[in-house]
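Take a look at the structure set out below.
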2 protein chains.
Amino acid sequence: MANDPLSLTFAALADPTRREILARLAEGEATVNALAEPFDMSLQAISKHLKVLERAGLITRGRDAQWRPCRLEAAPLEEVDQWVDRYRDRWEERFGRLDRELHRIQNSTEGEKNHE
Amino acid sequence: MANDPLSLTFAALADPTRREILARLAEGEATVNALAEPFDMSLQAISKHLKVLERAGLITRGRDAQWRPCRLEAAPLEEVDQWVDRYRDRWEERFGRLDRELHRIQNSTEGEKNHE
DNA sequence: CGCATAATCAACCTAACGGTTGATCAACTG
DNA sequence: CAGTTGATCAACCGTTAGGTTGATTATGCG
C-alpha cells in the first residue's frame with residue numbers, strides 16, 4: 001500500500017471495524033478492551049486495527065497505568081474533507097446551474113465570515 | 001477486504017494512481033490509453049485500477065467502437081462526504097463553542113432549505 | 001481477408017491485510 | 001513476592017492487492 005498521508009487515511013477508513021471504532025471514540029476516550037468489547041474478535045486483532053488508525057494519525061494513545069486510552073484525532077478527516085470537496089460540484093449537478101451558483105455564493109460568504 | 005459500499009469506496013481512494021485517474025476524469029471522459037499515458041505502468045495495471053474504481057461506483061464505462069470511455073461518477077464521493085461530515089465539529093473545535101453553535105444553526109437552516 | 005489498435009483476460013509473483021494463537025511485558029493488588 | 005489484568009509482540013496462515021508478461025477479444029481500416 002502507498003504510504004502517503006491521504007492513502008494511509010483512506011486505507012484506514014476502508015474497514016467497517018475501524019470506522020466503528022472511530023464512531024465509538026467520537027463519544028470520548030476509551031481503552032483497548034472497551035473498544036474491543038462489541039466485536040467478535042480477539043483483542044490482538046483490535047490492537048492491530050488501532051495501530052493502523054494510529055499510523056494514519058486518526059487516533060493518539062495516552063498512558064494511564066496499564067491502560068492505554070485512545071483518543072480520536074480528526075485532522076486526517078479534515079484532509080479527506082478537503083480532498084473530496086474538490087468534487088463537490090459533481091454531485092450538486094442535479095441542482096442545476098442556478099442552484100449551484102447559489103451554493104457557490106453561499107460558500108464564498110461563509111468563507112468571508114470564517115476566515116476574517 | 002470488506003465489500004460494503006463505503007469500504008469499497010475508501011479502498012478505491014486509498015491509492016494515489018486511482019486518485020490521479022479521478023482527477024483526470026474530472027476534466028472529462030477519457031479512454032483507457034489516455035488515462036494510462038501519464039503513468040510508468042502497464043496498460044493492464046491501469047485496467048485493473050479502473051476495475052476497482054468501477055466496482056466502487058466511482059466511474060462508469062461507455063462503449064465507442066474499440067474504445068471504452070470512462071466517466072467520473074461522484075455519488076460515492078457524496079457518501080464519503082456525508083460520512084466524514086459527522087466528524088466535522090471535531091476539527092472545528094478551534095473555532096470555539098460559540099462559533100460551533102453558529103455552524104450548527106447554519107447547517108440546520110440549510111437542511112430546511114434543501115429538503116423542502 | 002489481413003493487420004493494426006484498444007482493451008481485457010489469464011496466469012503468475014511478491015508483499016501486505018486481517019485474522020488466529022501463544023508468549024511476553026508492564027502495572028496494579030493481595 | 002505471586003498473581004491478575006491490560007495490552008502488545010511474534011509467528012503463522014489464508015486471501016487479496018498491485019504489479020508483471022503473454023494470449024485473447026473486438027473493432028476499424030487497407
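Everything quoted here is computed from the prediction, not taken from an experiment. Chain A is the first sequence line, chain B the second, and so forth, proteins listed ahead of strands; every chain is numbered from 1.
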Does [X] have a side-chain nitrogen or oxygen under 4.0 Å from the phosphate oxygens OP1 or OP2 of [N]?
X: B:R68; N: D:dA26; result: no
X: A:H49; N: C:dC17; result: no
X: B:N33; N: C:dA7; result: yes
X: A:R61; N: D:dA7; result: no
X: B:T31; N: C:dA6; result: no
X: B:R18; N: D:dG18; result: yes
X: B:S47; N: C:dT8; result: yes
X: A:S42; N: C:dT20; result: yes

Between atom [atom1] in [X] and atom [atom2] in [N], what is the gap in whole Å?
X: B:L35; N: C:dA6; atom1: CG; atom2: P; result: 13 Å
X: B:E29; N: C:dA6; atom1: CD; atom2: C1'; result: 16 Å
X: B:D64; N: D:dT27; atom1: CG; atom2: P; result: 11 Å
X: B:I21; N: C:dA7; atom1: CD1; atom2: P; result: 13 Å
X: A:R63; N: D:dT5; atom1: CZ; atom2: P; result: 19 Å
X: A:E54; N: D:dA7; atom1: CD; atom2: C1'; result: 13 Å
X: A:M41; N: C:dC17; atom1: CE; atom2: C1'; result: 13 Å
X: B:F39; N: D:dG18; atom1: CZ; atom2: C1'; result: 14 Å

Nucleotide of [options] approaching [X] most closely (side-chain heavy atoms):
X: B:A45; options: D:dT20, D:dT27, D:dT8; value: D:dT20
X: B:K48; options: D:dT27, D:dG18, D:dC9; value: D:dG18
X: A:Q66; options: C:dT20, C:dA7, C:dA27; value: C:dA27
X: A:M1; options: D:dA26, C:dC17, C:dT20; value: C:dC17

Inset, instruction - Report yes or no: does B:Y87 contribute a side-chain atom to a donor-acceptor pair with the main-chain N or O of A:A23 at less than 3.5 Å? - result: yes
Inset, instruction - To the nearest 0.5 angstrom, please state how far the CD atom of A:E29 sits from the OG1 atom of A:T60. - result: 7.5 Å
Inset, instruction - Working to the nearest 0.5 Å, report the span between CG of B:L53 and OG1 of B:T17. - result: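 B:L53 atom CG to B:T17 atom OG1 measures 10.0 Å (nearest 0.5 Å).
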Inset, instruction - Answer yes when B:R86 and B:D81 have at least one side-chain N-carboxylate O distance shorter than 4.0 Å, and no when they do not. - result: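 So B:R86 does not pair with B:D81 through a salt bridge.
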Legend entry - DNA chain C: 5'-proximal contact among B:L50 and A:R55 (nearest heavy atom):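 Mapping each residue to its closest nucleotide by heavy atoms, the 5'-most match is B:L50.
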Inset, instruction - Using the closest heavy atom to pick a nucleotide of DNA chain C for each, name whichever of B:I46 or A:L43 lands nearer the 5' end. - result: B:I46
Legend entry - Parallel, tilted or perpendicular: rings of B:F10 and B:W83 (30°, 60°): perpendicular
Inset, instruction - Check if the side chain of A:Q44 and the base of C:dG22 share a donor-acceptor pair of N or O atoms closer than 3.5 Å. - result: yes
Inset, instruction - Answer with yes or no whether the hydrophobic clustering places A:L22 together with B:L8; edges join I, L, V, M, F, W, Y residues whose side-chain heavy atoms lie under 4.5 Å apart. - result: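 Unlinked, A:L22 and B:L8 end up in two clusters.
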Legend entry - Along DNA chain D (nearest heavy atom to each residue), the more 5'-positioned of A:A30 and B:W67: A:A30
